[in-house]
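Proteins come first, then strands; the chains are lettered A, B, ... in the order of their sequence lines, and each starts at number 1. For clarity, every value in this text was computed on a predicted model and none was experimentally measured. Any value given below was found using the heavy atoms of this structure, including those in side chains, with hydrogens, waters and symmetry copies removed.
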Amino acid sequence: MTSTPALLWFRRDLRLHDNAALAAALADGRPVVPVFILDDETAAEWAPGGASRWWLHHSLASLDADLRKLGLRLILRRGHYAKELSRLLAETKASEIHVGLPTEPWARRAIDSLKLGVPIHTHRTALLFHPDAIKTGSGTPYGVFTPYSRACLREYQPHPPIPAPKSLPAATLPPSDELNDWKLLPTHPDWSAGLSVHTPGEKGAAARLKAFLPKAAAYDTARNLPGQIGTSMLSPHLAWGEISPNTVWQATGEGRGNEVFRTEILWREFSSNLLWHFPALPEAPLKPAYAAFPWRTDTKALHAWQRGQTGVPIVDAGMRQLWQTGWMHNRVRMITASFLIKHLLIDWREGERWFWDTLVDADLAANAASWQWVAGSGADAAPFFRVFNPSLQGEKFDADGAYVRHYVPELETMAEKYIHSPWNAPNPPKNYPSPIVDLAFGRARALDALKTITKSAP
DNA sequence: CGTGAGTTTGT
DNA sequence: CAAACTCAC
């Protein structure tokens with residue numbers, strides 16, 4: 001019988017259900033010391049952004065509360081992984097570490113370089129498949145989504161989620177930081193109110209899933225309408241690992257809506273896969289030709305986009321939803337991203353940065369892969385001629401303008417006919433800006449810019 | 001090595 | 001229908 005404890009190192013798997021790292025740590029009956037280490041220095045530019053820190057604060061509080069019900073508590077440490085882990089090992093005499101497998105390049109490097117004198121076991125807690133598990137016939141990673149997803153569907157082995165433990169062995173716990181001292185909550189007053197539409201934590205995640213499941217059958221069409229809640233809104237819970245993709249997958253049913261929803265889970269996997277095999281994904285275009293793309297520098301336009309003051313209603317509604325609630329409807333993410341990249345001709349990395357700071361669901365892989373997809377620099381990107389027309393998108397997916405009216409009150413009383421193109425209205429509101437770029441001009445300029453890098457040599 | 005296909009569209 | 005290109009088999 002061993003009595004030395006195991007360190008259970010939580011990262012982006014802040015849950016007790018279906019947690020392979022927790023199950024492994026408990027397997028031989030040792031005491032388990034649960035820890036979370038905030039290492040902003042190692043994460044450097046990809047340390048959690050403002051909205052993510054708000055979420056993290058509440059998620060850590062929730063996990064701590066759940067652990068206290070089982071007689072433990074969550075040990076919080078701030079500092080370099082290597083230094084804090086070696087301190088924890090000295091304090092607890094732990095003889096092994098269990099941690100969820102990360103896909104962020106900085107975290108992979110950090111874990112690979114640890115030399116602590118005890119075994120470090122990594123467990124697949126955040127993904128359905130290990131990034132090396134799904135390969136093409138010739139053994140290379142997939143770069144195109146559809147064949148990747150088909151391979152996933154072939155390989156997927158249904159298995160029930162691991163239940164949360166009903167009890168935990170008693171453990172002698174080392175000292176912990178006070179969560180409030182980490183000051184993860186925003187000082188910005190207009191934030192906390194809008195962010196409270198979310199309920200971080202494992203219970204909040206389960207409630208979201210439960211609320212979504214009856215609507216999953218309609219997901220294939222309802223997901224496109226930003227004026228209603230047709231999506232699962234599970235993204236921040238998945239990003240912090242408060243629920244496992246397998247738990248979500250297992251809960252879904254049959255039919256088109258459920259299938260399309262599961263496909264979205266596979267997009268999340270695909271993004272992680274890309275990041276795993278191309279660690280430069282957040283910084284460099286996957287298609288090398290795009291390194292020479294003639295981006296414009298336009299801080300005024302960038303700022304107008306960030307604050308929802310572009311004069312294009314659906315773009316401004318989306319950017320304001322993001323700023324106020326830390327979340328944006330997926331359809332609108334595509335529209336706002338396309339507008340920044342194509343109509344404003346601003347580098348996708350500027351958008352990636354802004355989303356990283358303002359999204360509660362910010363995930364390095366999904367964020368980078370999605371921005372590259374819109375930019376056309378990704379492995380499996382939209383064809384170059386595909387430029388979203390934000391007015392048409394608005395008319396198609398927010399036909400009555402309810403979404404725009406909610407987030408852009410200047411347009412609340414605008415006639416339906418002009419809600420997505422108020423510049424055509426006989427009396428446009430004086431307190432709402434004219435478009436910072438003419439849509440037809442922006443589209444033509446984007447296509448011209450793309451021609452400069454897609455022309456192949458004779 | 002040939003062939004079919006490629007999330008989310010615009011005009 | 002655009003439509004160069006790459007990917008996967």
Side-chain angles (χ1 to χ4, degrees), chain A residues 134-155 218-226 230-232 235 256-271 273-274 277-278 285-290 292-293 312 314-315 318 328-343 348 366-367 369-398 403 420-421 438-458:
Chain A
I134 306 291
K135 295 281 181 66
T136 66
S138 51
T140 55
Y142 281 97
V144 175
F145 176 72
T146 304
Y148 170 81
S149 68
R150 281 198 274 258
C152 288
L153 292 172
R154 277 197 307 272
E155 298 288 323
Y219 178 78
D220 50 330
T221 50
R223 66 174 179 148
N224 279 316
L225 308 175
T231 65
S232 72
S235 54
R256 177 80 187 142
N258 280 274
E259 282 168 17
V260 172
F261 176 68
R262 283 194 292 271
T263 303
E264 296 302 316
I265 301 289
L266 293 182
W267 268 98
R268 178 178 174 276
E269 298 276 323
F270 185 57
S271 300
N273 239 259
L274 285 175
H277 294 289
F278 308 99
L286 216 50
K287 287 184 182 171
Y290 278 74
F293 196 93
V312 180
I314 192 117
V315 173
M328 195 199 302
H329 187 276
N330 181 248
R331 163 69 45 187
V332 192
R333 292 191 198 199
M334 292 190 284
I335 300 169
T336 55
S338 171
F339 184 79
L340 181 78
I341 293 169
K342 305 203 172 167
H343 287 92
W348 58 271
N367 196 37
S370 302
W371 275 97
Q372 292 225 37
W373 184 84
V374 177
S377 59
D380 186 26
F384 75 86
F385 52 84
R386 194 171 284 168
V387 178
F388 281 61
N389 178 329
S391 291
L392 281 185
Q393 286 281 313
E395 285 162 18
K396 219 166 147 180
F397 299 113
D398 183 38
Y403 178 73
H420 293 293
S421 53
D438 176 80
L439 296 184
F441 167 82
R443 176 189 161 84
R445 183 174 63 179
L447 293 177
D448 284 346
L450 281 151
K451 271 183 206 151
T452 67
I453 61 156
T454 49
K455 240 180 211 146
S456 27

By the 4.0 Å heavy-atom rule, please label A/Q393 as base, sugar-phosphate, or nothing. sugar-phosphate
Paired with C/dA4 by Watson-Crick or G-U wobble geometry, both distances under 3.5 Å: which nucleotide is it? none
Can you tell me which nucleotide in C/dA8, B/dT8, B/dT11 comes closest to the side chain of A/P147? C/dA8
Kindly point out which of B/dT8, B/dT11, C/dA8 is positioned nearest to the side chain of A/V144? C/dA8
Atom CZ of A/F388 and atom C1' of B/dT8 are separated, to the nearest Å, by 6 Å
All heavy atoms of A/S235 vs all of A/R333, minimum pair found to be OG-NH2, 4.5 Å
Separation of A/L274 atom CG from C/dC7 atom C1', in whole Å? 13 Å
Which nucleotide wins on minimum distance to the side chain of A/M334, given the candidates C/dC9, B/dT8, B/dG10? B/dT8
Quick one: label A/R223 by what it contacts on the DNA or RNA (base, sugar-phosphate, nothing), any heavy atom closer than 4.0 Å. base
Whole angstroms only, please: what is the CZ-P distance between A/F145 and C/dA8? 13 Å
Between the main-chain N or O of A/L286 and the side-chain N or O of A/Q372, is there a donor-acceptor pair closer than 3.5 Å? yes
Atom CZ of A/R150 to atom P of C/dA8: distance rounded to whole Å? 11 Å
Without decimals, in angstroms, what is the distance between A/E395 CD and B/dG10 C1'? 13 Å
Round to a whole Å and report the spacing from OH of A/Y290 to C1' of C/dC5. 10 Å
Tell me: CG of A/N273 to P of C/dA8, nearest whole Å? 11 Å
Any side-chain N or O of A/N330 under 4.0 Å from OP1/OP2 of B/dT8? no
What are the two closest heavy atoms between A/W371 and A/I341, and how far apart are they? CE3-CD1, 3.7 Å
State whether the side chain of A/H277 and the backbone N or O of A/T140 hold a donor-acceptor pair below 3.5 Å, judged by distance alone. no
B/dG6 phosphate, OP1 or OP2, under 4.0 Å from A/R386 side-chain N/O: no
Minimum heavy-atom distance A/L439-A/S391, with the two atoms named: CD1-OG, 3.5 Å
Measure CD1/A/I453 against P/C/dT6 and give the value in whole Å, please. 13 Å
